[in-house]
Amino acid sequence: MKAHAQGDPEAFTLLLDDVKNDLWGYLVNQVPVRQDAEDLYQEISLKAYKNLKRLRDPAKFRSWLFSIAVNSVRSFFRRKPMLSLEHLGGEAAGPARERAALKADMTQALALNEELSRLRRCIHDLPEREKEILLLEVMAELPQKEIADRLGLNLNTVKTIIRRSKIKLARMMVEAGYET
Amino acid sequence: MKPRLDLDQLERLLETLEPEQIRDQYAEDLRADPALDAMLRHFEGMDGDLQRLRSADQPPVFQVPQRRTARVWLPWALPLAAALVLAIFAGSRLLPFPEKSAGLEMAMDRKIVFEDEAARGAPAAAGPTDQEATPAREDEARGSFAGVVVPEETAPAPIGETNEKKDAREGARALSKTKEAQSEKESGKDDAASPAEEPEELLTFGVEEAVAQSSPAKKEPSQDRARQAPVATAPEADKAPGSTGRDVEKLGASRSGPLPTLGEQLADLDTARAKANQPEPVLESEGESDPVSRVGRMEDPKTQDANLEEAADYQELLVQPSPRAAAKNSRRENKASPDHQSWLDRLQAAWQARDENAVAKLFSKNTSVSWPLLANSSLNHAGLDRSWRELMKNPLPPIHLEILSSHKREALVRWQILAQSIQPGPANQGGDLVLRFNRRGLCEYAGKP
């Protein structure tokens, strides 16, 4: 962070290297459309790059970065209603651009493990709050206490939400006919 | 009896119990409904699946934006570049080249005039004094165009107003050529023969003869070639001693006033014509290099074809100054009062005898004409050609006009000299020949008024 403050252009890249996979995992499982996830990734990275000097404790960079991510995703869903995968085949699937992006996302999902891609779709169908907390715990690897603090929730509530989210995912997987 | 286990009940059980506990307590139900067992297995493997999903694919590359410090040079570099461009443009306009070139071109014209004087036998040592130069300047101011009458209504716009810069530029170019030729001549004098060996009259009919004629041994071959491509040349070592250097500069400086229009030049035609009965025509003066021919001679014969191709490019630049230069030459000749009738008679005799040397002598110096020079229609010389044929039909045999040099300025100058030379003769029965120029200096019409 000192190097970044002194103008070293590589400093932020080094900082981001430790977090970028987690951030990307959080985003790509939060947002059903991959292109939106990419846009959000760039947006969040840029915000962090510009506001890094405001971060006083370098140890909290991860938590600080995912706070930006949470706010950005929330703002994204406020701007753009969430698109459920259940609506993909229908007439109300949204603009052609989104359909094309989703199609590309599906194509990429084939390359991914089939079971994982199914799990990702199920995650996308989770309620927003549960999905957010689950991904913060699983993808961002934030401590549950910190998640609770960040979201202004009780720790037990966070724990309950996380467990319930996993149960829901398991049931969704079964109801969708996915075999283990 | 326990209620039968289903997915909703299993979901509630999973909130409080671990999967192993459920398996122990509801083993029979799990065997009865595979979905329940599948749900338990999904839940048990959920953490692992989520971790695998976490590292499933790679994130995109974030492009770190360029720091502003990388562009700190922009605030001063861009204005500096703009200032440089402006300075270049401004500098090109502020260069004294056009004005200086115009002066040089005028000086060159003046020099031509004084060389004519020297060739006619004026005191070479004394050179043109200021008093002598003054009438010349006055004549120039009047812009007399000896032997040529242009109607006032058809007079062109003042020469030099629209194309003055081009005119001046071309003049400078011609002057530089002249200087080069002079330096070549001076260097050649050391190696050349004595003055007694110099050709007495080196007016020839071909560009190649410009050099060939300097040697009497090569006279005949050059004459043969001259029939094919005649051009006027000038003898070497014939500069008037007093007509260079200081006088040129002086005369160039004297041309600071507005350039005379063609109409003003023609206003003195009668006066010039009245002076035309002087004893010896200037046409036969010897030992003087024809500036017009000199320009043509300096052209590399090898480049003649190329020049012909570039004639259109030269047209605007080269044609315009010619009326002025021709006016000066013509004016000087009229001051010498050539006997045009006798000159025409001699020309007729020389022509009929096919004596090219004699013809060449008649066209010495300023009138050292290679008359086959006006067939280029791009200069609107077709009318000139026809007029020339008509005028020369009687008593002279028709002279085939064929452009020899692509130097159109030269061509036009020579044509004008020719026209005024024959004008008082019987060919046109004393009538005037009208040369009508457009604003660009191109001759649009030649014929009787």
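Model, not experiment: these values are computed from the prediction.
B:Asp49 CG to A:Leu169 CG: the interatomic distance, rounded to the nearest 0.5 Å, is 10.0 Å. Rounding to the nearest 0.5 Å gives a distance of 6.0 Å between CD of A:Glu175 and CG of B:Leu7. In this structure, CD1 on A:Ile167 lies 10.0 Å from CG on B:Leu40, to the nearest 0.5 angstrom. If you take NZ on A:Lys168 and CG on B:Leu14, they are separated by 13.5 Å, rounding to the nearest 0.5 Å.
Crowding of B:Glu28 atom CD: a count of heavy atoms from other residues, nucleotides or ligands under 6.0 Å not exceeding 12.
Pairs passing the salt bridge (Lys or Arg N to Asp or Glu O under 4.0 Å) check and including a residue from residues 133-143 of chain A, sequence neighbours excluded, read A:Glu141-B:Arg54. Residue pairs satisfying the salt bridge (Lys or Arg N to Asp or Glu O under 4.0 Å) criterion with at least one member in residues 151-162 of chain A, sequence neighbours excluded, are absent.
When B:His42, B:Met46, B:Glu44 are each tested for a side-chain contact (heavy atoms from CB on, under 4.5 Å) with A:Lys166, only one passes: B:Met46.
In this structure, the portion of A:Leu134 lying under 4.5 Å from any heavy atom of chain B is its side chain and not its backbone. The parts of B:Asp8 that come within reach of chain A are both its backbone and its side chain, each placing non-hydrogen atoms under 4.5 angstrom from that chain. Contacts of A:Leu16 with chain B are made by side-chain atoms alone, with heavy-atom separations under 4.5 Å and no backbone atom involved.
Inter-residue side-chain proximity for B:Leu50 and A:Asn29 is flagged as unmet; no heavy-atom pair is nearer than 4.5 Å. Here the side chains of A:Val138 and B:Asp47 are not in contact, with every heavy-atom distance at 4.5 Å or above.
Looking at B:Glu18 and A:Arg163, a side-chain N of the basic residue comes within less than 4.0 Å of a carboxylate O on the acidic one, giving a salt bridge. Ion pair B:Glu15/A:Arg164 flagged as a salt bridge, since at least one NZ, NE, NH1 or NH2 atom sits closer than 4.0 Å to an Asp/Glu carboxylate oxygen.
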